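Read through the structure below, which is laid out as structure tokens, and then see the notes.
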Amino acid sequence: MRRELFDIPEGVIYLDGNSLGAPPKHVAERMQEVVKHQWGTRLIRSWSEGWWEAPQRVGDRVGRLIGAAPGQVVVGDSTSVNVYKALMGAVKGTERTEIVCDESTFPTDGYIAQSVASLTGLKIRAAHPSSLDLTEDTAVVLLNQVDYRTGALHDMKALTEQAHAVGAQVVWDLCHSAGVLPIELDALQVDFAIGCTYKFLNGGPGSPAFIYVPKHRQATFENPLSGWNGHREPFGMKPSYEPDAGIARARVGTPDILSMLALDAALDVWDDVDLAELRQRGLALTALFREHVEKLTNLEVITPDQRGNQISVRCPDARNVMDELIARGVIGDHRPPDVLRFGFAPLYVTDEDAIKAAETLAEITR
Ligand SMILES: Cc1ncc(COP(=O)(O)O)c(C=O)c1O
């Protein structure tokens, strides 16, 4: 769709935007300006010239891509930290006894849920999104919209309704779906959502994550990490903590401004992206790749029809096969023991890339 906006070396087919998105070309130039002018010339004054509010301002830009009206998303910290904030916020004061966690989740979500369980005394139960078996004991469900290993897309509407039907809350991890398809957090009355910005949103390595706390939850949301950035009067230097009235209460400490502003610059490429159109391109690219893999190889595609922008292929010797693919200019990745993952970012992956990647995979595994 707009490959010319990205820095991808000639001859490289980049299919790992589901792990680290490619850099939009103008980010390097913007960062020069940030370092030379904002940091260099303006020095400390930059904090009151836009840096302090950046987490909320960039949060609103991410919010547009995930169906959140302004004032409900803040950018900062890592996804893992934001999982912690969201889960602790969700279980605060509950008399319910269990946290349900997607059993196939990316490990960090499960690890953090275990920490929350051991700190709060709730039990943790792993369940597949297709059979959650929620009850009135369930305080919160932690789910991924797109599975990091298989690329399976889970039904956010149905699963959110399922949680709400028993009075449970739901925390959605959008790491593999933000920048992939239209998401309607407000319309679906999602309780909390978190996600990273370094995959399909192209924010750069380790760029700050986001957390969504809808307006109606903000007054009661207790951030378990009561850092000074979330205080209602951060420069009042008060000895006791009083949270900000709005989304800023989800902030913790001094934001990583360089990473934040690299993300801010990267989001420029998203300004006029029509997410419904992007979704169609993503589906077309993944269908094309799957069709060619199935035609040219004996490998099993494990990604179901309901999917994100990823095709996963079961392949013996996955590590060596991926090393060889990379040596031939096709960059994807693998997850143990035997899964090759290929991400299709429609902003910079073309039909030709999808076909050539499948042909190269066939040559290597023939
Ligand atoms: C679903 C999911 N959650 C969380 C993370 C990572 O969390 P963090 O940004 O804290 O490293 C990943 C990273 O790939 C992920 O795929």
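Counting from 1, the numbers follow the sequence of the chain as shown. Bear in mind the structure is a predicted one, so any value in this text is a computation, not a measurement.
- R251 forms a cation-pi arrangement with W52, by the criterion of a distance under 6.0 Å to the ring centre and an angle within 45° of the ring axis.
- Tracing side-chain contacts under 4.5 Å through hydrophobic residues (I, L, V, M, F, W, Y), one reaches L325 starting from V293; they form part of the same cluster.
- Open room surrounds CD on E29; 12 or fewer heavy atoms of other groups in view lie less than 6.0 Å from it.
- Using a 4.5 Å cut-off on side-chain heavy atoms (C-beta onward), R307 and T286 make contact.
- Closest non-hydrogen pair, Y148 versus P107, comes out as OH-CD, 4.0 Å.
- Minimum interatomic distance between A113 and I99 (heavy atoms only, all atoms of both residues): O-CD1, 4.3 Å.
- The backbone N or O of L261 sits nowhere less than 3.5 Å from a side-chain atom of D264 that would complete a donor-acceptor pair.
- Here R96 does not pair with D137 in a salt bridge; the nearest charged N to carboxylate O distance is not below 4.0 Å.
- Side chains of H231 and Y241 form a contact here, defined as non-hydrogen atoms less than 4.5 Å apart.
- Put simply, the side chain of Q189 never gets that close to the backbone of E161: no donor and acceptor are under 3.5 Å apart.
- A salt bridge does not link K157 with E184: none of the charged nitrogens is closer than 4.0 Å to a carboxylate oxygen.
- Grouping the Ile, Leu, Val, Met, Phe, Trp and Tyr side chains by contacts below 4.5 angstrom, directly or via other members, places L263 with V273.
- Between V321 and C315, the closest heavy-atom pair is CG2-SG, 3.8 Å.
- Within the 4.5 Å cutoff, no side-chain heavy atoms of F106 are placed close to those of V83.
- Linking ILVMFWY side-chain heavy atoms closer than 4.5 Å, directly or via other members, places L258 and V252 in two distinct hydrophobic clusters.
- Between the side chain of S46 and the main chain of R42, no donor-acceptor pair closer than 3.5 Å is present.
- For W228 and F235, the ring centers are positioned less than 6.0 Å apart.
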Derivation and outcome, side chain to side chain contact (heavy atoms under 4.5 Å, CB included), residues I331 and L15: CA-CA 5 Å; I331 303 181; L15 304 182; over 6 Å; no
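- R319 CZ: 12 or fewer foreign heavy atoms inside a 6.0 Å radius.
- For A209 against N82, the heavy-atom pair with the smallest separation is CB-ND2, 3.5 Å.
- Defined by atom type and a distance below 3.5 Å, a donor-acceptor pair is missing between the side-chain atoms of S207 and S259.
- With hydrogens and angles disregarded, no donor-acceptor distance shorter than 3.5 Å links the side chain of Q310 to the backbone of R341.
- A donor-acceptor pair under 3.5 Å links the side-chain atoms of R64 to the main chain of W270, judged by distance alone.
- Atom NZ of K25 sits in a crowded spot, with more than 12 heavy atoms from other residues, nucleotides or ligands closer than 6.0 Å.
- The salt bridge (Lys or Arg N to Asp or Glu O under 4.0 Å) test with E222 is passed by exactly one of K92, K85, R217: K92.
- Side-chain contact annotation: W172 with N144, donor-acceptor N/O pair under 3.5 Å absent.
- Distance check, rounded to the nearest 0.5 Å: CG of D191 to CG of L185 gives 10.5 Å.
- Note that OG of S80 and OH of Y111 are 10.5 Å apart. Values are rounded to the nearest 0.5 Å.
- In this structure, D274 does not pair ionically with R279, as no charged nitrogen and carboxylate oxygen lie closer than 4.0 Å.
- Aromatic ring centres of F289 and F344 lie closer together than 6.0 Å.
- A salt bridge is defined here as a Lys NZ or Arg NE, NH1 or NH2 lying under 4.0 Å from an Asp or Glu carboxylate O, and E277 with R281 fails to meet this definition.
- Between I8 and R3, the shortest heavy-atom contact is CG2-NH2, 3.7 Å.
- When ring centroids are compared, Y14 and F6 stay outside the 6.0 Å threshold.
- Remark: the Q72 side chain and the D186 side chain contain an N/O donor-acceptor pair separated by less than 3.5 Å.
- Summarising the geometry, atom CE belonging to M322 is positioned 10.0 Å from atom CZ belonging to R335; distances are rounded to the nearest 0.5 Å.
- For the residue pair D317/N320, the side-chain donor-acceptor check at 3.5 Å is satisfied.
- T350 contributes a side-chain N or O that, together with a main-chain N or O of D353, makes up a donor-acceptor pair within less than 3.5 Å.
- For R2, the CZ atom counts as densely surrounded, since its 6.0 Å shell holds more than 12 non-hydrogen atoms of other residues, nucleotides or ligands.
- Enclosure of atom CD in Q306 is not indicated, since only 12 or fewer non-hydrogen atoms of other residues, nucleotides or ligands lie within 6.0 angstrom.
- Side chains of Q145 and I183 form a contact here, defined as non-hydrogen atoms less than 4.5 Å apart.
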Stepwise side chain to side chain contact (heavy atoms under 4.5 Å, CB included) check, N309 with N18: CA-CA 8 Å; N309 276 357; N18 52 327; over 6 Å; no
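- For the residue pair H334/D323, the side-chain donor-acceptor check at 3.5 Å is not satisfied.
- The distance from the CG atom of L201 to the CZ atom of R61 is 11.0 Å, given to the nearest 0.5 Å.
- Remark: side-chain polar atoms of R249 are paired, donor with acceptor, to backbone N or O of D244 under 3.5 angstrom.
- Looking only at distances, no side-chain donor or acceptor of H292 sits under 3.5 Å from a matching main-chain atom of A354.
- At distances below 3.5 Å, at least one donor-acceptor pair connects side-chain atoms of T197 with backbone N or O atoms of P208.
- Listed for the T120 side chain is a donor-acceptor partner under 3.5 Å among the backbone atoms of V116.
- Residue F200 comes nearest to G179 through the heavy atom pair CB-O, 3.9 Å, listed as atom of the first residue, atom of the second, then distance.
- L153 and L288 end up in different hydrophobic clusters when Ile, Leu, Val, Met, Phe, Trp and Tyr side chains are linked at under 4.5 Å.
- Note that CD1 of I211 is 9.0 Å distant from CG of D77, once rounded to the nearest 0.5 Å.
- Atoms OG1 and CD1, on T150 and I302 in that order, are 6.0 Å from each other to the nearest 0.5 Å.
- Between H128 and H154, the ring planes lie perpendicular to each other; the angle is over 60°, past the 30° to 60° tilted range.
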Worked verdict on E233 versus K238 for side chain to side chain contact (heavy atoms under 4.5 Å, CB included): CA-CA 8 Å; E233 210 191 326; K238 302 259 168 68; 2.6 Å; yes
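- Under a cut-off of 6.0 angstrom, the local environment of CG in D271 is crowded, with over 12 non-hydrogen atoms contributed by other residues, nucleotides or ligands.
- Cluster annotation: L283 is not connected to V146 through the hydrophobic network of ILVMFWY side chains, with a link wherever side-chain heavy atoms come within less than 4.5 Å.
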